[in-house]
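Just so we're clear, the structure is a prediction, and the values are computed from it rather than from any experiment. Scope of the values below: all heavy atoms of this structure, side chains included, with no hydrogens, waters or symmetry mates.
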Amino acid sequence: QVQLVESGGGYVQAGGSLRLSCAASGRTFSSYHMGWFRQAPGKEREFVAAINWRGSITYYTDSVKGRFTISRDNARNTVYLQMNSLRPEDTAVYYCAAASIIRNTQVPGTAKQYDAWGQGTQVTVSS
């Protein structure tokens with residue numbers, strides 16, 4: 001099982017930027033599609049972005065398209081989420097997740113399809 005550790009969260013004003021990182025260890029990183037999810041207080045965890053094992057295919061939820069970019073570096077066992085033009089509604093705990101390519105021929109978009117999760121990192125955007 002892969003282990004995931006997020007970093008890079010923090011406090012930023014609206015319009016600002018943050019870059020989240022998620023370092024993986026334990027199993028072959030390139031055996032996993034990777035995703036980012038977020039959960040705001042009182043709300044369910046929601047999909048934000050995902051990337052296939054090669055880094056050649058990406059998906060985004062509509063609310064972050066054009067503002068967020070997911071990428072990965074398989075040599076560094078790390079996936080990133082570059083977040084620009086942040087809005088107060090982006091405030092949440094952000095989680096990275098890994099989905100085995102054996103069980104998922106396509107990049108999954110729902111939380112239940114992911115096999116491993118990080119502990120989360122808080123992102124707070126002030127207005």
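- Between the R72 side chain and the G55 main chain, no donor and acceptor come within less than 3.5 Å of each other.
- Note: S100 OG to Q113 CD = 12.0 Å, rounded to the nearest 0.5 Å.
- If you chain together hydrophobic residues whose side chains sit under 4.5 Å apart, Y80 and M83 never meet in one group.
- Nearest heavy-atom pair, Y95 versus G118, reported as atom, atom and distance to 0.1 Å: CD2-O, 3.6 Å.
- One N or O on the side chain of T78 and one on the backbone of R76 form a donor-acceptor pair closer than 3.5 Å.
- Not a single donor-acceptor pair under 3.5 Å links the side chain of Y32 to the backbone N or O of A97.
- Aromatic rings from W36 and F68 are positioned such that their centres are separated by 6.0 Å or more.
- Counting all heavy atoms, side chain and backbone alike, P108 lies closest to A50 at O-CB, 4.0 Å.
- Ring-centre distance between Y59 and F47: not below the 6.0 Å cut-off.
- Using modelled atom types, no side-chain atom of N104 and backbone atom of A99 make a donor-acceptor pair closer than 3.5 Å.
- The OG atom of S31 sits 6.5 Å away from the CD1 atom of I102 when rounded to the nearest 0.5 Å.
- Counting all heavy atoms, side chain and backbone alike, S17 lies closest to N84 at OG-OD1, 2.9 Å.
- In terms of heavy atoms, W53 sits closest to S30 at CB-O, 3.4 Å.
- To the nearest 0.5 angstrom, Q119 atom CD is 7.0 Å from T121 atom OG1.
- For Q3, the CD atom is densely surrounded, since the number of other residues' heavy atoms within 6.0 Å is greater than 12.
- The shortest distance between side-chain heavy atoms of V125 and E89 does not fall below 4.5 Å.
- Pairing each heavy atom of I51 with each of S71, the nearest pair is CD1-CA, 3.7 Å.
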Just do the side chain to side chain contact (heavy atoms under 4.5 Å, CB included) check on L86 and Q13 with the steps written out, would you? CA-CA 8 Å; L86 282 161; Q13 290 188 334; over 6 Å; no
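- A salt bridge does not link D90 to R87: none of the charged nitrogens lies less than 4.0 Å from a carboxylate oxygen.
- No path of Ile, Leu, Val, Met, Phe, Trp and Tyr side chains, each step under 4.5 Å between heavy atoms, connects I70 with V93, placing them in separate hydrophobic clusters.
- Side-chain N or O atoms of E46 include none that pairs as donor or acceptor with a backbone N or O of R38 at under 3.5 Å.
- Within a 6.0 Å radius of CD in E44, no more than 12 heavy atoms belonging to other residues, nucleotides or ligands are found.
- Hydrophobic cluster membership differs between V5 and F37, with clusters built from Ile, Leu, Val, Met, Phe, Trp and Tyr side chains linked at under 4.5 angstrom.
- Formation of a donor-acceptor pair under 3.5 Å by the Q1 side chain with backbone atoms of D115 is found in this model.
- Between the side chain of E6 and the backbone N or O of L4 there is no donor-acceptor pair closer than 3.5 Å.
- Between atom CG of residue N52 and atom CE of residue M34 there is a gap of 12.0 Å, rounded to the nearest 0.5 Å.
- Separating the CZ atom in F29 from the CG atom in D73 is a distance of 8.0 Å, to the nearest 0.5 Å.
- Summarising the geometry, atom CG belonging to L20 is positioned 9.0 Å from atom CD belonging to Q82; distances are rounded to the nearest 0.5 Å.
- Between the side chain of Y60 and the backbone N or O of G66, no donor-acceptor pair lies under 3.5 Å.
- For residues 15-127, the disulfide bond (SG atoms under 2.5 Å apart) pairs, not counting sequence neighbours, are C22-C96.
- Nearest approach of V2 to A24, heavy atoms of both residues: CG2-CB, 3.7 Å.
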